[in-house]
Amino acid sequence: MRVLLVEDDRPIADSLRRGLVRYGYEVTWVRTGAEALAAGPADMVLLDLGLPDVDGLDVCRELRARGDVPIIVISARADEVDRVVGLEIGADDYVSKPFGVREVIARMRAVARRVRPPADADAQPPDSLAGGRLVIDRRARRVHVDGAELALSPKEYDLLAFLADAPGAALTREQIMEAVWDPHWFGPTKTLDVHIGALRRKLGDAAVVETVRGVGFRLVAAG
Ligand code: CA
């Protein structure tokens with residue numbers, strides 16, 4: 001997915017860009033409204049409102065007038081958010097500074113799901129990792145390794161699908177528990193280790209669920 005990042009604050013842009021690239025997004029970074037409007041086509045726009053040349057709200061309106069690319073506004077102040085929402089300038093969602101990359105990616109995924117027409121979602125091809133050795137068909141909730149289907153429990157499937165959303169990214173135990181088990185999850189995470197162990201055995205050497213010490217896990221595709 002091609003993301004146009006419009007942000008004049010270099011440290012924020014740098015960290016966001018690094019994070020997005022780590023999650024497999026292709027990022028074009030520009031610093032001004034003029035550059036944003038001159039940029040090539042994108043699948044998603046992350047738009048800071050406080051730009052050096054023009055008001056980010058005008059950039060948002062202009063982008064919306066041109067087409068239906070999803071726009072997520074990055075806002076520094078609560079009253080800006082009020083304006084975005086109140087004036088209905090066409091943004092699909094917003095995040096407030098300070099934010100984490102995970103939060104931005106969660107918003108992007110939610111927006112992409114909302115704007116993608118159902119026919120398209122049906123046609124979504126299976127995820128292919130590890131040079132095609134590991135294939136995850138999210139519509140059918142089936143996983144194949146080297147052409148053979150894995151017998152996964154529902155939770156094992158959910159866990160693998162979540163890790164495979166961001167191959168190579170370190171996901172914390174808390175993120176995984178919240179996403180796969182319970183959004184309000186609180187307590188021990190022993191069940192996570194049990195499921196990780198089962199998943200490792202079943203994946204064989206096609207992909208490795210690495211332990212990130214003191215953090216959580218990441219899925220690394222072999223091959
Ligand atoms: Ca700014």
Side-chain angles (χ1 to χ4, degrees), residues 1-117 120 162-163 165-176 178-179 183 212 214-216 218:
M1 181 188 275
R2 297 161 305 173
V3 179
L4 175 63
L5 170 61
V6 189
E7 169 63 80
D8 61 309
D9 185 314
R10 178 184 275 275
I12 291 176
D14 272 348
S15 88
L16 193 48
R17 182 172 55 166
R18 268 199 307 275
L20 291 172
V21 166
R22 205 160 51 92
Y23 278 81
Y25 294 95
E26 197 182 303
V27 181
T28 301
W29 171 33
V30 300
R31 291 174 221 201
T32 67
E35 285 175 302
L37 295 175
D43 302 308
M44 178 82 64
V45 178
L46 299 179
L47 175 64
D48 178 34
L49 291 186
L51 297 172
D53 56 342
V54 291
D55 189 334
L57 293 174
D58 291 331
V59 176
C60 186
R61 275 193 208 93
E62 176 63 26
L63 288 173
R64 178 53 69 240
R66 291 180 185 182
D68 55 6
V69 63
I71 302 169
I72 297 177
V73 156
I74 301 171
S75 168
R77 307 194 317 263
D79 60 326
E80 282 183 339
V81 170
D82 291 345
R83 291 165 72 202
V84 173
V85 175
L87 294 175
E88 293 178 346
I89 56 162
D92 295 279
D93 206 346
Y94 63 88
V95 288
S96 301
K97 293 178 184 175
F99 50 77
V101 169
R102 267 310 288 187
E103 182 189 349
V104 174
I105 287 172
R107 298 294 177 96
M108 289 168 63
R109 286 182 181 152
V111 166
R113 273 196 297 274
R114 277 207 301 275
V115 301
R116 189 195 299 135
D120 247 30
F162 183 66
L163 291 170
D165 258 352
L171 301 170
T172 68
R173 302 178 71 91
E174 289 72 23
Q175 284 170 345
I176 298 169
E178 286 179 12
V212 185
V215 179
R218 68 175 153 242

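Computed from a predicted structure; not experimentally measured. Every number for a ligand or one of its atoms is a count from 1 in the order of the listing. Just so you know, these numbers use all the heavy atoms, side chains as well, and skip hydrogens, waters and symmetry mates.
- Salt bridge present: D165 and R109 bring a charged side-chain N and a carboxylate O closer than 4.0 Å.
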Please report, to 0.1 Å, the donor-acceptor pairs under 3.5 Å made by any side chain of residues 16-25, with sequence neighbours excluded.
from	atom 1	to	atom 2	distance (Å)
R17	NH2	D14	OD1	3.4
Y23	OH	R102	NH1	3.4

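- In this structure, W29 and R10 approach most closely via the heavy-atom pair CH2-CG, 3.9 Å.
- Between V54 and G33, the shortest heavy-atom contact is CG2-CA, 3.8 Å.
- Residues that satisfy the salt bridge (charged side-chain N to carboxylate O under 4.0 Å, His left out) test with E103, not counting sequence neighbours, are R107.
- For the Ca ion (ligand 1), protein N, O or S atoms under 3.0 Å: 3 in total.
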Run the side-chain donor-acceptor check on residues 34-45: report pairs under 3.5 Å with partners two or more places apart or on a different chain.
from	atom 1	to	atom 2	distance (Å)
E35	OE1	R31	N	3.0
E35	OE1	T32	N	3.1
E35	OE1	T32	OG1	3.2
D43	OD1	R2	NH2	3.0
D43	OD2	R2	N	2.8
D43	OD2	R2	NE	3.2

